[in-house]
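Nothing here was measured: the structure is a model prediction, and the numbers come from that model.
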Amino acid sequence: QPKVNMGTGTVIGAEALIRWRHPEKGLLPPSAFLPLVENHRISVDIGEWVIDAALSTQESWRERGLHIPVSVNIGARQLQQQDFVDRLRDLLARHSAFRRGDLELEILETSALEDLPGISRVIRQCLDLSVRFSLDDFGTGYSSLAYLKRLPVDQIKIDRSFVLDLTRNPHDAVIVKAILSLAGSLGLEAIAEGVETGEQRHFLEQHGCLAYQGFLYSKPVPAEVLERARASESVPA
């Protein structure tokens, strides 16, 4: 799914979202199968496959003259593997075209809070590999303000549950403004998820949000569709 600059409307990155092309049920969203494997070793294998596929797609784009940073969701089980950093280093080494900022790993706020010291240590080691980190679904955890300063992330993503009604629900509006103010004070980038209307986008832009994802610009699309859209800076069909 494209990440879009709030001011210019241009694609500045993308989030890699896995789908399962089931032989009988068709294209399935992650909610239909990932919960079944989240506590199984295969979830780690799937996570590594997604990173590898994202980097391969980037290489294909780069060959066509496009530079599109890609973010990948990373599960707590995978991030807590003792050899996670070594395995990530090996993955990056397979893709010689990798450059600083090409890959961003998104971790759920609730996952990060499960083992804050360990997750923080892993993130710092990955920063040495030129990999960025984002705190996903920000605001849905229980200790955001107390622990945010201890996680060396570059970006926070405002959860879609706060964006959905922010122009109608004053409580959501206050929460979103507070998150954006917090991000600005800490020198973090902020991106909003689930933006579906022009009114939502305008509100977010007026309060300092720099980028967004959502159906207002595009639903998740195959890599080749995003490639064509980025090349022409047009909205995907």
Side-chain angles (χ1 to χ4, degrees), residues 1-4 11-58 60-61 68-81 84 87-88 91 95 102-115 119 122-123 126 131-141 153 155-164 191-196 211-227 229-230 236-237:
Q1 185 175 37
K3 296 181 178 182
V4 186
V11 175
I12 57 173
E15 179 180 357
L17 299 170
I18 191 170
R19 297 291 186 268
W20 179 13
R21 197 173 297 280
H22 193 281
E24 298 175 356
K25 299 179 181 180
L27 200 63
L28 300 179
S31 60
F33 58 91
L34 286 187
L36 302 176
V37 300
E38 62 182 353
N39 294 316
H40 192 280
R41 167 67 200 183
I42 196 174
S43 65
V44 176
D45 297 331
I46 292 173
E48 290 188 357
W49 178 87
V50 173
I51 294 175
D52 188 52
L55 292 171
S56 295
T57 299
Q58 273 189 322
S60 175
W61 285 338
I68 306 177
V70 175
S71 64
V72 174
N73 291 288
I74 190 85
R77 182 184 178 92
Q78 183 178 1
L79 198 60
Q80 292 170 351
Q81 296 291 304
F84 172 77
R87 296 176 73 91
L88 179 61
L91 270 175
H95 301 273
D102 279 357
L103 178 65
E104 181 176 83
L105 299 181
E106 299 187 10
I107 54 174
L108 286 175
E109 181 184 5
T110 48
S111 297
L113 298 179
E114 291 177 5
D115 178 19
I119 297 298
V122 168
I123 291 176
C126 290
V131 174
R132 289 161 43 94
F133 274 82
S134 175
L135 197 57
D136 198 12
D137 293 350
F138 185 78
T140 59
V153 298
Q155 181 187 85
I156 55 178
K157 300 188 74 175
I158 303 173
D159 186 67
R160 65 182 66 248
S161 63
F162 300 119
V163 174
L164 180 62
I191 181 170
E193 298 181 290
V195 177
E196 298 182 357
Y212 74 92
Q213 293 174 242
F215 285 12
L216 177 63
Y217 182 85
S218 173
K219 62 182 180 181
V221 294
E224 58 270 19
V225 175
L226 178 56
E227 177 185 329
R230 180 63 178 82

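For the pair I158/I191, no side-chain contact is recorded, criterion being any heavy-atom separation below 4.5 Å from C-beta on. Counting heavy atoms from C-beta on, the side chains of F215 and P220 come closer than 4.5 Å.
In this structure, H22 NE2 and L28 CG are separated by 6.5 Å, a value rounded to the nearest 0.5 Å. A distance of 9.5 Å separates OG1 of T57 from CG of D52, quoted to the nearest 0.5 Å. A distance of 12.5 Å separates CD in E38 from CZ in F33, rounded to the nearest 0.5 Å. Here L216 contributes atom CG and E196 contributes atom CD; the two are 9.0 Å apart, rounded to the nearest 0.5 Å. Note that CZ of R160 is 13.5 Å distant from OH of Y212, once rounded to the nearest 0.5 Å. Interatomic distance, L27 CG to W20 CH2, rounded to the nearest 0.5 Å: 11.5 Å.
Within a 6.0 Å sphere centred on CZ of R41, heavy atoms belonging to other residues, nucleotides or ligands number more than 12.
In this structure, the side chain of Q58 engages the main chain of D102 through a donor-acceptor pair within 3.5 Å. Here the side chain of Q80 pairs no donor or acceptor atom with the backbone of I119 at under 3.5 angstrom.
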For a quick test of your reading: what N or O donor-acceptor pairs under 3.5 Å do the side chains of residues 69-79 make, sequence neighbours left out?
unit_1, atom_1, unit_2, atom_2, d
S71, OG, K3, NZ, 2.9
S71, OG, E106, OE2, 2.7
N73, ND2, E15, OE2, 2.7
R77, NE, H40, O, 3.4
R77, NH1, N39, O, 3.4

task = Step by step, work out the side-chain contact (heavy atoms from CB on, under 4.5 Å) result for Q155 and F138.
result = CA-CA 10 Å; Q155 181 187 85; F138 185 78; over 6 Å; no

